[in-house]
Amino acid sequence: MLRTHTCGQLRREHVDQTVTLCGWVDSRRDHGGLIFIDLRDRYGKIQVVFDPSKSASTELHDLAGTLRNEDVLRVSGTVVRRSEKDVNPKLPTGEIDVRALELKVLNKSRTPPFEPGTTDPPNEELRLRYRFIDLRRPRLQELMLFRHRVTKLVRDYFDEHGFLDIETPMLGRSTPEGARDYLVPSRVHEGCFYALPQSPQIYKQILMVAGFDRYMQIARCFRDEDLRADRQPEFTQIDVEMAFVEREDILQTIDGLVAHLMRSLRGEEIPLPLPRLSHREAMEKYGSDKPDLRFGMELVDLGDLVANCGFAVFKNALAEGGRVRGLCAPQAAAKYSRKNIDELTTYIADFKAKGLAFFRVTPTGLDSPISKFFSPDEQAAIIARFQAAAGDLIFIVADKGPVTSAALGALRARLGRELKLYDPNQMHFSWVLDFPLFSWNAEESRWDAEHHPFCNPVEDDVPYFQTDPGQIRAQSYDMVINGCEGASGSVRIHDPQVQQQVFDLLGIDPQQAEERFSFLLEALRYGAPPHAGIALGLDRWVMLFTGCDNIRDVIAFPKTQKAADLLSGAPAAVDAKQLKDLHIRIVEENR
RNA sequence: GGCUCCGUAGCUCAGUUGGUUUAGAGCGCCGGCCUGUCACGUCGGAGGUCGCGGGUUCAAGUCCCGUCGGAGUCGCCA
C-alpha cells in the first residue's frame, strides 16, 4: 500500500502518529512561508501544512510551492493538533493537521476544465466529456456509493429468501415485439444478427421451466428508443422470477424488499402491505396508471351535473359520448393568472385536450368567463361535487374519456408539484393491479399487448377473448413510486394453449409464433410450472431515493439524449476491415 | 419525427429598442509579495472564430434562415 491512512479517516486520536496519505490536491493556500494543501480522497479531506521553519532543506518547501489543484500526491507527515483558534469546524478532520515531512508528486494534473469542489457545476456536456473529473465531485461520489448500497441490500435480501443469481446471455435473438433492438452483427453467420436483451424475460421463464424456482439478477437491458430524463438506452433491472406462486407471493416478496430498503437506507418503518389499487381505479381517480399518491386532488366526474347546462362545449362532449371531468386545486385561485392558465391549456393540448375550462371559487359562487352559462343551482352543485372552498381553482376538461384522463392526470401532476402539495422527500410506494391485457392500436388497427405477450389473463375474463378483448384484465402489477413506474411484472402464461390464444389475438399465427418464440413455446410444452415475476428499474429507484431529477446522475457513464457517450466518443465509425469481417456495407442515403 | 429552451474567455454569467472606437465581471490560469489560512489576502498579466454557415442592414453577440451540439417534452419505450 502506498498509504497508511485515508484522508477522511484521521482524527484527534491520531495526534503524534506519523502517517502516509495519498490523494488529490483539492485546494492550496500559499502564504509564501506556510503552504496549506487540502488533500482529498473519497473518504474526505485533510489539511497538510508545509512549514519551512520545520525542515532542514528548502527542497520539500520548493516542491510544495509547485503544487496545483488535482495533482496526485503521496505525503508523509506527523499528525498535529491545531490550536483552538485554528480549528475548522466545517471539516470532520478540522481539529488536526498533517505536518509534511516528505512529499512525492505521483502525477501532475493539467489545469482541470472545472473544479470538483465547485459550488456551481458546469453544463452537462462538459461534465460528461470530463466525466472522470465530474465523478470526483462529492455529490456524484455519494450517489455512486448509495447505488452500491442499494444493490448490496437487494442482493442480500434475495439471497436470504433463497433466490439464485443466474446470468443470462447478452447476445440473444431479436424478437419483434416491444422496443427497437440494439443489434450485433455476426461474423460467423453472414447476414445474421444478435440482439442485446431488452430484458431477460424469456430466459428467466425458461429458468423456471428448468426448476430454479427462485431467480434474481441485476441485469443490464438495452432499448433503442428515444431518451428522457428518466430513461437511458442501457439501464439496469432488478429482475425476479418465481415458480409455484401466485400474484400475491410476488407482491409480498417485493413489499418485503421495499420495507428492507426503507429501513436500511432511511431508517423508516413502512406499513405493509403496500397500498393497492386497480388500474381502472387509478385512471378514474388520478387519470394516470402511475399516479403520485403523495397528495390527493382526485379527479371528479361532472357528467350528470352538466348534461343539460347552457355551455355547449360540455353538453356536446357528453352528447358525443365523451366525458366532463375536473379537479380542484386547493387555494390556487390567486396563484394562477389568466396567463398562467393559458399556459396550462397549452400544456394539456399535448395530451390532445382541446380546451381547459376553469372556475375560481368565490364565497358566492363560481367566477369564470363561462360562469354565465351555469345557473346558481348548477354552480352550487359543482362546488359541492368538488367539496370546494372559496379560493380554490377548479379545472375542467370535456373530451373523449381517455383524453380527459391523460390531460387531467398530467395537469394533476404538474399542479401538485407547482402548489407543493407534497413533501418532496417522502417516498410513496403503491401497487397498480389488473392492467388491461390488450390495448387497441388504432393506427395499425390491431390489438397490442399492454405488458408483454406472456402475461396471463385473469381467469374470469377469458370469455372476453371472443367478445371484447379490451375487457380482459391481466394478472399484472406495477409498482408506482412518487408518480414513477418503479417496477412492472405479471403472472406468466404456462399453458401453451392460452399462449397461442394470446398470439392469435395479437395477430401472430402459429407459424410466426414458432419462428419467433419457438424456444419458449417448446419449453412450455415440457412441464412448465406456474410462474410469475417482476422487474424493478434500479436506476430509477436510486434516483427516487436520492431525489435526483435525472437518471444520468446515478449512472457512472451515461449517454446523452442522442445516445452518445461524450467521454469515449461512442458510437463511432469502424475500420473497413471490421465491416468486411461482418459482411456489412455502409450505404450513403440520398438526402 | 413534432414542439420548446439553451450555446459569449478554461468555467459561471452580464451585454439595453441593432449603434462609444479596444465585447465586460467573478472564479480559474500565469507572474510578484505574503508564516495560521481553510471561498486566504494583495499587486500585476495573459486569455474571445460571440457554436458553425448564410442572409437582412450604413452597422449584427443582438434580427431572419439553415445547421451542429446539449437539455426538457409529445410520439416511441412488448
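Every chain is numbered from 1 and lettered A, B, ... according to where its sequence line falls, protein lines coming before strand lines.
With hydrogens and angles left out, the side-chain atoms of A:Q198 and A:D181 include a donor and acceptor closer than 3.5 Å. A side-chain N or O of A:N69 and one of A:E115 form a donor-acceptor pair less than 3.5 Å apart.
At B:rU37, none of the side-chain N or O atoms of A:R28 fall inside 4.0 Å of OP1 or OP2 (strictly under the cut-off). At B:rG72, one or more side-chain N or O atoms of A:Q561 fall inside 4.0 Å of OP1 or OP2 (strictly under the cut-off). In this structure, A:K45 does not reach the B:rC38 phosphate: none of its side-chain N or O atoms is under 4.0 Å from OP1 or OP2. Close to B:rC40, at under 4.0 Å from its OP1 or OP2, lies a side-chain N or O of A:R29.
Summarising the base pairing, B:rG7 is matched to B:rC68 through a Watson-Crick or G-U wobble pair whose two defining distances lie under 3.5 Å. Pair assignment for B:rU35: none, as no Watson-Crick or G-U wobble contacts are both less than 3.5 Å. Under the Watson-Crick or G-U wobble criterion, with both distances below 3.5 Å, B:rU57 has no partner in any strand shown. The partner of B:rG24 is B:rC13, by the rule that a Watson-Crick or G-U pair needs both atom distances under 3.5 Å. Base pairing annotation: B:rG75 forms no Watson-Crick or G-U wobble pair, as no partner gives both donor-acceptor distances under 3.5 Å. Pairing partner, B:rG48: none, since no Watson-Crick or wobble contact has both distances short of 3.5 Å.
Taking the six-membered ring wherever Trp is involved, the centroid distance between the rings of A:H61 and A:F50 does not fall below 6.0 Å.
Distance, A:D134 CG to B:rC11 P: 14 Å, rounded to whole Å. Distance, A:R129 CZ to B:rG51 P: 16 Å, rounded to whole Å. Atom CG in A:N550 sits about 12 Å away from atom C1' in B:rG70, given to the nearest Å. Rounded to an integer number of Å, the gap from A:D26 CG to B:rA39 P is 11 Å. Atom-to-atom, CD1 of A:I551 to C1' of B:rA71 comes out at 15 Å; the value is rounded to the nearest Å.
Each of A:K90 and A:N69 has a nearest nucleotide on RNA chain B; the 5'-most of these lies closest to A:N69.
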Between protein and nucleotides 1-10 of chain B, what N or O pairs are separated by less than 3.5 Å?
{"from": "B:rG1", "atom 1": "O6", "to": "A:D226", "atom 2": "OD2", "distance (Å)": "3.4"}
{"from": "B:rG10", "atom 1": "O2'", "to": "A:P113", "atom 2": "O", "distance (Å)": "3.2"}

Identify the pairs formed between an N or O of the protein and an N or O of nucleotides 32-36 of chain B at a distance under 3.5 Å, and give each distance.
{"from": "B:rC34", "atom 1": "N1", "to": "A:H31", "atom 2": "O", "distance (Å)": "3.4"}
{"from": "B:rC34", "atom 1": "N3", "to": "A:D30", "atom 2": "O", "distance (Å)": "3.1"}
{"from": "B:rC34", "atom 1": "N3", "to": "A:G32", "atom 2": "N", "distance (Å)": "3.4"}
{"from": "B:rC34", "atom 1": "N4", "to": "A:D30", "atom 2": "O", "distance (Å)": "3.3"}
{"from": "B:rC34", "atom 1": "N4", "to": "A:G32", "atom 2": "N", "distance (Å)": "3.4"}
{"from": "B:rU35", "atom 1": "OP2", "to": "A:H31", "atom 2": "O", "distance (Å)": "3.3"}
{"from": "B:rU35", "atom 1": "OP2", "to": "A:G33", "atom 2": "N", "distance (Å)": "3.2"}
{"from": "B:rU35", "atom 1": "O4'", "to": "A:L34", "atom 2": "N", "distance (Å)": "3.4"}
{"from": "B:rG36", "atom 1": "O2'", "to": "A:K85", "atom 2": "NZ", "distance (Å)": "3.0"}
{"from": "B:rG36", "atom 1": "O2'", "to": "A:D86", "atom 2": "OD1", "distance (Å)": "3.0"}
{"from": "B:rG36", "atom 1": "O2'", "to": "A:D86", "atom 2": "OD2", "distance (Å)": "3.4"}
{"from": "B:rG36", "atom 1": "O6", "to": "A:R99", "atom 2": "NH2", "distance (Å)": "2.5"}
{"from": "B:rG36", "atom 1": "N1", "to": "A:D97", "atom 2": "OD2", "distance (Å)": "3.3"}
{"from": "B:rG36", "atom 1": "N2", "to": "A:D97", "atom 2": "OD2", "distance (Å)": "2.6"}

Distances under 3.5 Å between protein N/O atoms and the N/O atoms of nucleotides 42-46 of chain B, please, pair by pair.
none

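Residue contacts shown for A:N88 include a base, since a base heavy atom lies under 4.0 Å away. Counting any heavy atom pair closer than 4.0 Å across all strands shown, A:Q201 reaches a base atom. Within 4.0 Å of A:S199, counting heavy atoms only, lies at least one base atom of the nucleic acid.
At a cut-off of 3.5 angstrom, counting only N and O atoms as typed in the model, there is a donor on one side and an acceptor on the other between the side-chain of A:R231 and the base of B:rC77.
Exactly one residue among A:H494, A:H531, A:E241 makes a side-chain hydrogen bond (donor to acceptor under 3.5 Å, both in side chains) with A:Q205. That residue is A:H531.
With a 4.5 Å cut-off on side-chain heavy atoms, A:D539 and A:Q232 do not count as touching.
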